[in-house]
Amino acid sequence: MPFVIKKMYAKKKEKAFLYLMNELGYSQREAQRFISKGRILVNGEKMLKTAGEIEGEFEFIYFEPITKGLKPTFEEKEFVVFDKPSGVLIHPQTKKTPYSLIDELKYQFGRDANIAHRIDQETSGLVLCAKNKSSERDIKMMFQEREMKKKYLAMVHGEFKDALCVEAPLLRTQAQSALVRMVVKVDASGKASKTDFKPLKYFPELNMTLVECSPHTGRQHQIRVHLFHVKHPIVGDPIYGQSEENIIKFLDRELTPQDRIDNSGATRLLLHASELEFELYEREYHIKSNVNFEDVAFASLDIND
């Protein structure tokens with residue numbers, strides 16, 4: 001479990017954030033953020049005041065990364081790129097999350113390493129990660145300025161015949177239910193969104209098409225919603241194109257692999273981040289995934305494979 005409770009001892013009365021800075025090497029911002037999140041326990045009670053004081057024994061909940069042996073697909077002095085498997089979270093959802101990509105990154109490259117962008121849990125593929133705080137700022141600025149070109153591969157339902165540019169504004173619905181909150185829809189009042197699609201290969205026996213997707217904007221679920229909007233939902237998508245009953249079952253983890261195949265065509269979302277192209281520190285990079293996505297996709301269509 002990455003989050004562990006460690007018993008600690010303060011010899012003298014002092015501000016808790018100063019103890020974390022002096023004894024554990026955290027910055028003031030990090031230390032105060034940990035306290036506000038309830039990571040310090042005094043007599044079993046969470047300390048929430050960032051200016052709170054400690055003396056004697058207390059407990060500190062901290063992140064201790066673990067490894068499952070996932071190695072970067074590309075490494076430079078300032079950053080690394082992982083080829084994330086489907087099913088692996090980028091960050092822990094709760095303190096009980098057993099493993100996420102941030103585990104692997106911090107285990108291999110230290111506490112200051114951080115992930116610079118996100119892809120969905122079921123989406124596989126390339127994730128760019130900074131090795132230190134300086135490169136993290138530079139990489140995030142690059143994303144903010146839209147200087148990163150990304151390509152994805154998707155297996156979609158139906159025959160996708162021609163290249164297509166979809167410019168459909170996306171709105172994250174504001175309803176209160178957990179179900180509706182995570183659903184994004186095309187709406188005139190949404191944020192401008194643009195994705196280019198190019199069919200690569202049609203599989204007539206499956207009535208599915210392998211499609212290259214090039215997003216120009218980075219909205220949540222953008223590729224998934226744009227493909228659903230043009231009536232070519234991604235094979236294996238557990239949300240878009242599904243009934244509310246099946247969406248709830250998915251969120252409650254009540255669907256078997258066979259249920260997933262029956263409902264959506266595959267045991268996982270068949271979307272893969274395949275290429276990253278960018279310029280950083282006066283060098284141009286074009287990084288491609290080593291995964292044969294077509295093979296992965298076919299393996300996800302049948303639980304007997």
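Because the structure is predicted, anything quoted here is derived from the model rather than measured. In this chain, residues are counted from 1 in sequence order.
Shown here for Ile247 and Ile239, the closest heavy-atom pair between the two residues is CD1-O, 3.4 Å.
Ion pairing between Lys140 and Glu136 holds under the 4.0 Å rule for side-chain N and carboxylate O. Salt bridge annotation for Glu104-Lys71: absent, with no cationic side-chain nitrogen under 4.0 angstrom from a carboxylate oxygen. A salt bridge links Lys198 with Glu212: the distance from a Lys NZ or Arg NE/NH1/NH2 to an Asp or Glu carboxylate oxygen falls below 4.0 Å. Taking 4.0 Å as the cut-off between side-chain N and carboxylate O, Asp120 and Arg224 count as a salt-bridged pair. Salt-bridge annotation for Arg260 and Glu122: present, with a side-chain N of the basic residue lying under 4.0 Å from a carboxylate O of the acidic one. A salt bridge does not link Lys11 with Glu55: none of the charged nitrogens is closer than 4.0 Å to a carboxylate oxygen.
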What verdict does the side chain to side chain contact (heavy atoms under 4.5 Å, CB included) test give for Val211 and Tyr152, after you've listed the backbone C-alpha separation in whole Å, the side-chain angles of each residue and the deciding distance to 0.1 Å? CA-CA 8 Å; Val211 177; Tyr152 291 75; over 6 Å; no
Could you walk me through whether Asn290 and Thr73 pass side chain to side chain donor-acceptor pair (under 3.5 Å), step by step? CA-CA 8 Å; Asn290 295 322; Thr73 193; 2.7 Å; yes
Please report the C-alpha distance between Arg268 and Val296 in whole Å, then the side-chain angles of each, then the deciding distance to 0.1 Å, and finally whether the side chain to side chain contact (heavy atoms under 4.5 Å, CB included) criterion is met. CA-CA 10 Å; Arg268 54 155 285 198; Val296 170; 3.4 Å; yes
Assess the residue pair Glu254 and Asp252 against the criterion (side chain to side chain contact (heavy atoms under 4.5 Å, CB included)); give the C-alpha distance rounded to whole Å, side-chain angles, the decisive distance to 0.1 Å, and a yes or no. CA-CA 5 Å; Glu254 294 176 355; Asp252 291 340; 3.9 Å; yes
Begin from the C-alpha positions of Phe58 and Tyr9 and carry the test ring pair (Phe, Tyr, Trp, His ring centres under 6.0 Å) through to its verdict. CA-CA 6 Å; Phe58 66 97; Tyr9 188 85; 8.7 Å; no
Show the numbers, then the answer: is there a side chain to side chain contact (heavy atoms under 4.5 Å, CB included) between Ile61 and Lys95? CA-CA 10 Å; Ile61 303 171; Lys95 289 186 176 66; 4.2 Å; yes
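For the pair Arg118 (side chain) and Gln121 (backbone), a donor-acceptor distance under 3.5 Å is absent. Using a distance-only test at 3.5 Å, with no hydrogens or angles considered, no donor-acceptor pair links the side chain of Asn246 to the main chain of Gln242. Ser274 places a side-chain N or O within 3.5 Å of a backbone atom of Lys151 that can act as its donor or acceptor partner. Put simply, the side chain of Ser36 gets close to the backbone of Arg33: a donor and an acceptor are under 3.5 Å apart. Judged purely by atom type and a 3.5 angstrom limit, His216 has no side-chain atom pairing as donor or acceptor with the backbone of Ser193. A donor-acceptor contact shorter than 3.5 Å links the side chain of Asn22 to the backbone of Leu18. With hydrogens and angles ignored, the 3.5 Å screen pairs no side-chain donor or acceptor of Lys249 with any backbone N or O of Arg253. Under a 3.5 Å cut-off, the side chain of His117 and the backbone N or O of Val127 do not form any donor-acceptor pair. Looking at His232, its side chain never comes within 3.5 Å of a backbone N or O of Thr209 through a donor-acceptor pair.
Between Glu30 and the options Lys37, Arg111, Lys133, Arg39, a salt bridge (Lys or Arg N to Asp or Glu O under 4.0 Å) holds for only Lys133.
Within the model, atoms CD of Gln93 and CG of Leu89 stand 4.5 Å from one another, a figure rounded to the nearest 0.5 Å. Here Phe250 contributes atom CZ and Asp237 contributes atom CG; the two are 8.5 Å apart, rounded to the nearest 0.5 Å. For the atom pair Ile54 CD1 and Lys12 NZ, the distance stands at 11.0 Å (nearest 0.5 Å). With rounding to the nearest 0.5 Å, the separation of OH in Tyr19 from CD in Glu14 is 7.5 Å. Here the straight-line distance linking atom CE of Met208 with atom CZ of Phe298 works out to 8.5 Å at 0.5 Å rounding. The CD1 atom of Ile119 lies 9.0 Å from the NZ atom of Lys150; values are rounded to the nearest 0.5 Å.
A side-chain donor-acceptor contact under 3.5 Å links His272 and Ser289. For Glu76 and Tyr285, the side-chain atoms include at least one donor-acceptor pair closer than 3.5 Å. Under 3.5 Å, the side chains of Asn207 and His157 contain no donor-acceptor pair of N or O atoms. There is a side-chain donor-acceptor pair under 3.5 Å between Gln222 and Thr217.
Under the 6.0 Å cut-off for aromatic ring centres, Tyr62 and Phe3 do not qualify, their centroids lying 6.0 Å or more apart.
In Phe203, the CZ atom is crowded: over 12 heavy atoms of neighbouring residues, nucleotides or ligands sit closer than 6.0 Å. In the displayed structure, Glu205 atom CD is contacted under 6.0 Å by more than 12 heavy atoms of other residues, nucleotides or ligands.
Between Phe160 and Phe197, the ring planes are tilted. Angles from 30° to 60° get that label. Between Phe79 and Phe278, the ring planes lie perpendicular to each other; the angle is over 60°, past the 30° to 60° tilted range.
Counting heavy atoms from C-beta outward, Met148 and Glu277 have side chains that stay 4.5 Å or more apart. Looking at heavy atoms from C-beta onward, Thr267 lies in side-chain contact with Pro257 at the 4.5 angstrom threshold. The shortest distance between side-chain heavy atoms of Tyr240 and His229 does not fall below 4.5 Å. You'll find the side chain of Leu70 reaches within 4.5 Å of the side chain of Leu101, heavy atoms only. Between Phe17 and Thr50, the closest side-chain pair of non-hydrogen atoms is not below 4.5 Å. A 4.5 Å side-chain heavy-atom check between Asp103 and Thr67 finds every atom pair outside the cut-off. Side-chain contact between His91 and Asn114: present, with at least one pair of heavy atoms (C-beta onward) separated by less than 4.5 Å. Considering only heavy atoms from C-beta on, Cys129 comes within 4.5 Å of Phe82 through its side chain.
For Ser135, the side chain to side chain donor-acceptor pair (under 3.5 Å) criterion is met by Asn132, not counting sequence neighbours.
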